[in-house]
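Model, not experiment: these values are computed from the prediction.
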Amino acid sequence: MFDKKTIIKGVSFMNYTYKNALLPPMERTLNLLSLMTLEEKVGQMMQISYNMVNVTEAEQWVKNKFAGSFLHALGDNADRLQELALSTRLGIPLMFGIDAIHGHALLNGATVFPSQLAMSCSFNPSLVESAGRVTAREVSADGLHWTFSPLLCIGRDTRWGRINETFGEDPYLIGLLASAIIKGYQGKNLSDPGSILACAKHYIAYGESTGAKDAYDTEVTLRKVREVFLPPFKKAVEVGCATFMTGYQSIDGTPMTANKKMLKDILKDELGFDGFVVTDWNNTGSLVDKQKVSPDISDASKKAIESGNDMIMNTNDFYGATLKLVQEGKVSETLIDDAVKRILNIKFKMGLFDAKKRRGYISTDVIASKEHQEINLELTRESIVLLENKNNTLPLNNIKKIAVIGPNADSIQAQFGDWTFFSHPDPNPEAVPNFEYYTMLRGIRELAESKNIEVTYHKGCDIMDKEDIDIEGAVKACEDADVIIAVVGDCLAMNGEFKDRATLDMPGSQQELLEQLKKLNKPLAVVLVNGKPLSIPWIAQNADAVVETFNSGTLGGKALADILFGEFNPCGKLSISFPYHSGQTPVYYNHLPGWHSPKYADLSTAEPLYSFGYGLSYTSYKYSNLTLSKTSCSSKDTITVSVDVTNIGKCDGTEIVQLYVNDVISSVMTPVKELKGFEKVQINAGETKNVSITLSVSDFSIVDADEKYVVEPGDFEIMVGPDSRDASLLKEVLTVF
Ligand code: GLC
């Protein structure tokens with residue numbers, strides 16, 4: 001056989017070294033780039049949305065304009081387009097992207113995990129990584145290569161429509177979970193058949209827009225961007241996230257698509273990001289028709305290129321405009337080369353040219369396999385948060401009959417939430433799932449009947465419309481029940497892009513339904529199926545038990561039943577605060593000091609209804625013995641914080657021990673506390689565990705008024721406990737010199 005040298009020589013002879021899989025990706029990239037025409041280069045920058053063109057147009061984009069990528073093309077359609085691409089002059093393969101946000105959920109039949117917000121309440125990076133791995137295998141089995149996930153936006157104003165897609169309100173937790181799921185998606189090697197590209201989005205501060213208005217202006221300073229919003233994205237660069245996506249938003253009047261400072265200077269030059277940046281949906285066109293900073297698509301295209309966008313999602317006029325700009329010398333071809341180099345380098349790195357990423361390389365048997373379902377069930381159970389449990393209403397015991405009431409008890413649409421085949425690429429509420437799933441009702445019914453407990457069900461009312469209500473019928477259905485389980489919340493019409501809310505109240509007639517059920521004086525357990533925190537003070541006050549499931553995915557009902565019947569001791573903790581009232585938002589825990597009044601004049605407290613990090617268990621824990629390995633140190637040091645946690649209840653459990661830090665005096669105002677570490681520990685009844693968390697003092701750095709990252713000398717309060725509330729935390733002081 002030929003040795004490596006001969007092969008390289010042989011293939012190089014045809015000057016098509018880019019086809020030689022033995023060469024490094026960048027070498028293959030440079031060779032291929034040297035062979036490409038301007039049309040082929042600009043084509044590589046185009047990402048076409050399959051659901052926005054007809055079949056002929058899609059094929060023309062491949063054959064005549066050499067498009068580099070499609071989104072929203074599934075399985076067979078993607079395959080056909082790939083064949084076409086491979087038959088072009090240089091045979092550059094297409095890259096297929098998809099919104100696999102909580103599983104490959106746009107494919108009817110794939111594993112649907114809990115939403116990002118739900119799974120973040122597990123505080124379990126390794127399970128979140130497993131969810132990423134499962135998703136990657138199912139996306140790969142479908143012949144696709146790239147997920148537009150994770151979303152790293154910080155969910156601080158819960159009126160925003162896309163809160164369900166965030167990992168909550170804390171940058172540290174977001175960075176940790178985003179890094180985990182990116183590792184899950186991308187695996188050990190991008191070129192492994194079961195690996196896909198991850199996409200850190202939406203760079204940057206997209207969720208911070210004024211008034212929580214989706215895609216609107218975000219009045220943050222560069223200092224605040226660096227201090228609050230950049231850290232999770234920095235983590236994504238550090239774990240090698242292959243792509244970043246910008247967003248619809250603007251920062252202080254500069255649209256992200258035209259923000260060279262953020263895209264080129266900070267992301268690419270300062271952080272050293274070597275993947276490629278894709279715009280969000282028609283962001284280049286938005287510079288003209290929405291944000292009004294460009295008179296035409298030519299100017300918009302020029303701005304997008306010069307600011308550092310490498311791939312252009314669904315702005316098809318960009319192609320012709322950019323060819324003209326380069327041909328007229330208005331945009332340098334080296335800028336096009338920079339973008340195309342980044343894209344091709346990733347295509348080579350992921351093995352796209354080497355056939356390992358073709359459909360069929362991974363069997364479609366992996367889709368929703370038993371192994372994947374088991375991982376999903378484990379994550380779903382750990383994502384559920386017990387918010388109230390008065391008089392030990394839960395776990396259910398000594399009962400004969402359960403009444404399951406409410407509009408979300410048997411709604412897989414509400415349980416799935418956003419970014420599934422019901423909602424994208426086009427709304428399809430009538431889609432019929434072609435796989436087994438567990439609504440709350442099915443989960444409760446199956447487990448109850450296995451214990452000879454009778455279950456009755458009544459919907460009671462709808463979420464949105466006021467017509468379809470039969471509260472009387474629901475009350476009647478509860479007549480001889482020993483316990484009522486009311487499953488309420490919100491729906492897709494109140495969550496997602498373009499769906500910010502002015503209030504966070506329980507929608508429709510659900511409140512009326514709950515109040516009528518309460519009058520029956522039976523134990524009332526409320527189960528929430530919702531995309532985001534709702535302002536539910538009446539429920540907190542009047543329900544005997546409250547369980548938060550958010551959008552729990554395919555197995556939500558099974559996981560919930562395990563918790564209701566005590567087969568699983570709940571251990572989830574909130575990754576986001578719940579307001580008493582929508583007027584109280586934003587109400588996140590890591591807020592700055594200095595509010596003149598301790599609370600709103602018309603609210604009884606300044607505290608949220610439920611705090612970040614809060615969640616109950618069927619057992620309880622006592623914290624004692626907080627010690628620091630040293631009480632003073634330099635900013636270069638590390639310290640170990642230890643605490644004893646005792647399970648003083650009757651059943652084994654898992655506790656999420658949280659560590660917060662407050663920089664007592666700082667040159668710019670800093671949050672009253674910030675999560676800097678946590679440990680999730682299994683502690684059996686009666687057992688005491690000594691839990692240690694080691695911190696680098698450099699993690700206490702702030703961004704000062706000159707945008708410098710500094711650890712300023714002085715006192716730092718080190719706080720440890722079960723949640724972020726002051727009353728829950730043990731405190732010691734560390735002096736940094
Ligand atoms: C949407 C979303 C983005 C998504 C993209 C492709 O507008 O903002 O998160 O990945 O379009 O579907």
Side-chain angles (χ1 to χ4, degrees), residues 7 11 18-25 28-29 32 44 47 50 58 62 67-88 90-100 103-111 113 129-149 181-199 240-243 275 343-373 375-376 435:
I7 292 173
V11 175
Y18 74 92
K19 292 186 187 287
N20 183 343
L22 298 174
L23 291 176
R28 300 174 74 181
T29 294
L32 177 52
Q44 279 302 303
Q47 181 177 62
Y50 190 71
V62 176
S69 175
F70 277 80
L71 73 146
H72 291 327
L74 291 175
D76 299 334
N77 298 327
D79 246 13
R80 205 182 54 254
L81 293 172
Q82 192 67 290
E83 288 307 325
L84 274 179
L86 295 174
S87 63
T88 56
L90 294 169
I92 303 174
L94 287 166
M95 189 191 300
F96 293 104
I98 192 86
D99 291 285
H104 184 23
L106 269 60
L107 176 71
N108 187 343
T111 302
F113 284 101
E129 179 174 344
S130 302
R133 197 72 204 136
V134 164
T135 304
R137 285 160 53 81
E138 297 193 8
V139 167
S140 303
D142 200 25
L144 309 180
H145 313 117
W146 176 21
T147 177
F148 304 127
S149 167
I181 207 165
I182 289 166
K183 284 189 278 191
Y185 290 143
Q186 300 191 165
K188 288 193 177 25
N189 292 303
L190 274 183
S191 61
D192 291 344
S195 295
I196 58 174
L197 305 180
C199 182
C241 191
T243 71
I343 294 167
L344 292 178
N345 189 40
I346 292 290
K347 287 190 174 184
F348 281 115
K349 269 185 175 175
M350 65 182 289
L352 208 49
F353 282 80
D354 312 323
K356 288 199 284 188
K357 294 290 184 180
R358 295 304 306 279
R359 203 164 170 227
Y361 214 91
I362 288 217
S363 156
T364 48
D365 294 349
V366 303
I367 295 177
S369 67
K370 189 169 173 306
E371 180 206 350
H372 289 181
Q373 299 292 1
I375 293 169
N376 192 10
F435 55 93

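Lys347 places a side-chain N or O within 3.5 Å of a backbone atom of Pro93 that can act as its donor or acceptor partner. With hydrogens and angles disregarded, a donor-acceptor distance shorter than 3.5 Å links the side chain of Gln186 to the backbone of Ala242. Judged by distance alone, with hydrogens and angles left aside, the side-chain atoms of Ser140 form a donor-acceptor pair with the main-chain N or O of Ala136 at under 3.5 Å.
Tested against His145, the residues Phe96, Phe70, Tyr361 include a single ring pair (Phe, Tyr, Trp, His ring centres under 6.0 Å) partner, Phe96. When each of His372, Arg133, His104 is checked for a side-chain hydrogen bond (donor to acceptor under 3.5 Å, both in side chains) with Glu138, only His372 meets the rule.
With sequence neighbours left out, the side-chain contact (heavy atoms from CB on, under 4.5 Å) criterion links Thr29 to Met26, Lys341, Leu344, Asn345, Phe348. For the side chain to side chain donor-acceptor pair (under 3.5 Å) test, residues two or more places apart in sequence or in another chain that qualify with Ser69 are Gln47. Partners of Phe113 under the ring pair (Phe, Tyr, Trp, His ring centres under 6.0 Å) rule, at least two apart in sequence or in another chain, do not exist in this structure.
Residue Ile367 holds its CD1 atom at 12.0 Å from CZ of Phe435, rounded to the nearest 0.5 Å.
Ring centers of His72 and Tyr50: at least 6.0 Å apart, outside the cut-off.
Remark: the Ser149 side chain and the Tyr185 side chain contain an N/O donor-acceptor pair separated by less than 3.5 Å.
Classification of Asp354 and Lys19 as a salt-bridged pair fails, no side-chain N sitting under 4.0 Å from a carboxylate O.
Summarising the geometry of Ile196 relative to Leu144, their closest heavy-atom pair is CG2-O, 4.1 Å, with the distance given to 0.1 Å.
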